[in-house]
There are 2 protein chains.
Amino acid sequence: MLTAKQKELLLYIHERIKESGVSPSFDEMKEALDLASKSGIHRLITALEERGFLRRLPHRARALEVLKLPESAATAAPPKGRSTFRPSVVADGRSGMGIPILGQIAAGVPIEALQNEIGRIQAPDDLLGAGDHFALEVKGDSMIGAGILDGDVVLIKRTDTADSGDIVVALVDNEEATLKRLRKRGNSIALEAANPAYETRIFGPDRVRVQGKLVAMIRRYS
Amino acid sequence: MLTAKQKELLLYIHERIKESGVSPSFDEMKEALDLASKSGIHRLITALEERGFLRRLPHRARALEVLKLPESAATAAPPKGRSTFRPSVVADGRSGMGIPILGQIAAGVPIEALQNEIGRIQAPDDLLGAGDHFALEVKGDSMIGAGILDGDVVLIKRTDTADSGDIVVALVDNEEATLKRLRKRGNSIALEAANPAYETRIFGPDRVRVQGKLVAMIRRYS
DNA sequence: ATGACCTGAGACCAAAGGGTGAACGATGAG
DNA sequence: CTCATCGTTCACCCTTTGGTCTCAGGTCAT
């Protein structure tokens with residue numbers, strides 16, 4: 001999934017943001033990876049973004065956000081809080097084992113994120129109708145206008161159809177899963193964020209696959 | 001995601017709001033960052049808004065709201081509100097019947113509303129800690145800035161104490177229950193909506209009684 | 001060796017970040 | 001209405017940063 005350099009850079013960025021709250025500039029990354037030119041950094045960043053590990057605002061200084069870390073964030077990186085979770089214990093005969101939280105979702109998160117269970121949430125089954133459901137933790141602020149904030153957990157019903165106006169998990173080009181409002185525009189499909197900072201993206205019908213439909217949202221306050 | 005200046009300003013704004021409940025004016029921010037002109041502040045604010053850290057109402061005085069803090073709110077202020085979601089281990093059975101929804105709540109709802117149960121919701125008990133809980137349906141848009149919309153169901157833990165900054169159910173003059181963010185201002189108590197269209201109301205300590213504290217929120221999509 | 005391909009080096013440029021000062025406009029209280 | 005407060009915008013300036021381009025050196029399979 002990642003080359004050694006990409007992983008190194010990603011971990012460095014993550015480290016810097018965690019420590020200082022400020023993302024590094026291209027020049028700083030250049031120094032950190034011991035390069036003399038930032039053109040390489042540029043290529044690495046692009047690759048990381050394409051693979052869904054990073055998000056950035058183009059043409060903005062220090063506008064990087066780490067969306068997820070490589071599987072083995074092994075390098076001494078103290079686990080991100082969530083990793084302390086131990087899914088094992090849950091075996092009390094009752095059917096209420098909760099439904100799986102399959103990962104984080106935002107603009108730019110690849111499908112792989114939907115494979116690994118990162119936790120479970122006990123969802124009241126009166127929220128769930130029939131059908132298969134899963135949950136995702138929302139990363140980022142792209143749906144802020146719809147009252148869905150960073151860190152919220154959304155409950156998704158697995159389906160491959162949705163109506164215009166529904167909020168869905170959509171897979172674009174088999175690569176990138178994203179939570180957006182779906183609009184049908186003639187033959188095309190528009191994926192619309194609830195945040196003016198993000199622009200609506202329009203795709204041909206064959207590039208977008210609906211993976212599920214938002215049925216509920218749960219937020220917890222500390 | 002942020003530059004150093006942007007972070008500095010964001011933390012300052014957050015600090016000010018947390019302390020006084022009132023967002024600083026452009027001039028005050030100018031002073032705080034040691035600038036001679038406030039147009040720089042304006043640009044920083046714009047950048048923070050674009051990056052999703054702030055929300056504001058244009059042409060309104062002191063109408064800023066901090067939506068999220070940088071990953072490292074390094075300055076000794078880790079409380080980071082509602083941080084990464086941590087699914088806790090599923091406990092034993094749920095208390096079967098769910099918890100009661102006691103009514104709707106908004107500005108202007110009389111206490112009586114808290115007596116009649118209008119429904120029940122099955123709440124995942126990993127959202128609930130110890131203690132007595134109840135639920136309310138939110139009416140109105142007074143907390144829209146905190147991502148709480150009309151029709152949402154909020155889970156409240158019964159308590160009569162709360163910290164400044166908590167979202168609470170407060171009873172004013174034994175008459176009117178309302179869901180607001182609580183601020184302690186010296187001896188007085190401010191109840192603050194997350195919607196600049198509503199103004200913050202300030203009361204003497206004897207006029208406000210905290211009835212509970214927001215612990216979670218559930219929204220269902222049709 | 002040859003060419004395709006990758007990566008880093010270095011230079012260059014356009015644009016964003018940020019500071020200043022002044023003028024302009026909207027808001028809200030009296 | 002009038003006025004003070006406060007947000008908004010503009011022009012001007014310099015610095016920082018991101019994006020791009022070309023070139024030079026590797027690696028690898030043919």
Side-chain angles (χ1 to χ4, degrees), chain A residues 1-10 12-13 16-17 20-51 53-66 108 196-199, chain B residues 1-13 16-17 20-66 70 145 190 192-193 195-202:
Chain A
M1 190 59 184
L2 285 182
T3 69
K5 279 287 181 190
Q6 287 165 6
K7 179 180 164 193
E8 189 185 348
L9 178 58
L10 181 61
Y12 169 70
I13 295 172
R16 281 290 304 267
I17 293 183
S20 69
V22 174
S23 37
S25 73
F26 276 49
D27 268 297
E28 289 164 355
M29 292 186 267
K30 177 194 82 184
E31 297 295 333
L33 295 214
D34 205 30
L35 297 185
S37 159
K38 51 190 169 128
S39 61
I41 299 294
H42 197 275
R43 265 188 294 243
L44 289 174
I45 296 278
T46 306
L48 284 171
E49 198 183 7
E50 192 175 86
R51 288 169 170 70
F53 288 85
L54 277 186
R55 185 170 85 81
R56 77 173 146 171
L57 299 185
H59 288 287
R60 288 290 187 282
R62 299 170 187 273
L64 295 176
E65 181 179 16
V66 175
Y198 296 75
E199 51 180 68
Chain B
M1 199 56 174
L2 287 179
T3 70
K5 278 289 177 188
Q6 289 162 8
K7 181 187 164 195
E8 190 186 347
L9 178 58
L10 180 61
L11 289 180
Y12 170 69
I13 294 172
R16 281 292 304 266
I17 293 183
S20 69
V22 176
S23 39
S25 73
F26 276 50
D27 269 300
E28 288 164 354
M29 293 185 266
K30 180 194 81 183
E31 296 297 331
L33 296 212
D34 204 30
L35 297 186
S37 161
K38 50 189 170 145
S39 60
I41 299 293
H42 195 271
R43 259 184 304 222
L44 287 173
I45 297 275
T46 306
L48 284 171
E49 204 183 4
E50 179 187 61
R51 286 161 170 73
F53 288 85
L54 275 187
R55 163 175 304 210
R56 77 172 146 173
L57 283 195
H59 287 287
R60 287 294 188 291
R62 298 169 187 272
L64 294 176
E65 182 178 13
V66 175
E192 167 187 307
N195 182 338
Y198 296 74
E199 55 181 68
T200 298
R201 297 188 302 170
I202 302 179

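We name chains A, B, ... by the order of the sequence lines, and we start the count at 1 in each one. Keep in mind that what you see is a predicted model, and the values were worked out from it rather than measured. All values below were derived from every heavy atom in this structure, side-chain atoms included, with hydrogens, water molecules and symmetry-related copies excluded.
- Boundaries of the chain B contact region on DNA chain C are C:dG17 to C:dG28, first to last in 5' to 3' order (nucleotide atom under 4.0 Å from a heavy atom).
- If A:Asp27 and B:Arg60 are placed on DNA chain D by their nearest nucleotide, the residue sitting closer to the 5' end is B:Arg60.
- With sequence neighbours left out, the side-chain contact (heavy atoms from CB on, under 4.5 Å) criterion links B:Lys30 to B:Asp27, B:Leu35, B:Lys38, B:Ile41.
- Remark: B:Leu48 CG to B:Met1 CE distance equals 10.5 Å, nearest 0.5 Å.
- By the side-chain contact (heavy atoms from CB on, under 4.5 Å) test, A:Ala63 is found to be paired with A:Leu57, A:Arg60, B:Arg51, residues two or more places apart in sequence or in another chain being considered.
- Judged as a side-chain contact (heavy atoms from CB on, under 4.5 Å), and not counting sequence neighbours, A:His59 has no contacts.
- With sequence neighbours excluded, the residues forming a side-chain hydrogen bond (donor to acceptor under 3.5 Å, both in side chains) with A:Arg16 are A:Tyr12, A:Glu28, listed by chain and number.
- Evaluation of the side-chain hydrogen bond (donor to acceptor under 3.5 Å, both in side chains) rule for A:Ser39 yields A:Ser37 as partners, not counting sequence neighbours.
- The C1' atoms of five pairs define one axis at each end of the helix from C:dA1-D:dT30 to C:dG30-D:dC1, and these two axes lie 40° apart (to 10°).
- Atoms CG and CD, from B:Leu33 and B:Glu8 in turn, are 4.5 Å apart once rounded to the nearest 0.5 Å.
- Taken residue by residue, residues 33-50 of chain B places heavy atoms nearer than 4.0 Å to DNA chain D at B:Lys38, B:Ser39, B:His42.
- Between B:Ile17 atom CD1 and B:Leu64 atom CG the span is 6.0 Å, to the nearest 0.5 Å.
- The side-chain hydrogen bond (donor to acceptor under 3.5 Å, both in side chains) search around B:Glu192 returns B:Arg183, not counting sequence neighbours.
- Taking a heavy-atom distance under 4.0 Å as the criterion, the stretch of DNA chain D touched by chain A extends 5' to 3' from D:dT17 to D:dC21.
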> What's the verdict on side-chain contact (heavy atoms from CB on, under 4.5 Å) for A:Phe53 and A:Leu2, showing C-alpha distance, side-chain angles and the deciding distance?
Replying inline: CA-CA 10 Å; A:Phe53 288 85; A:Leu2 285 182; 3.8 Å; yes

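- Evaluation of the side-chain contact (heavy atoms from CB on, under 4.5 Å) rule for B:Glu31 yields no partner, not counting sequence neighbours.
- Applying the side-chain hydrogen bond (donor to acceptor under 3.5 Å, both in side chains) test to B:Glu49 and every residue at least two apart in sequence or in another chain returns B:Arg56.
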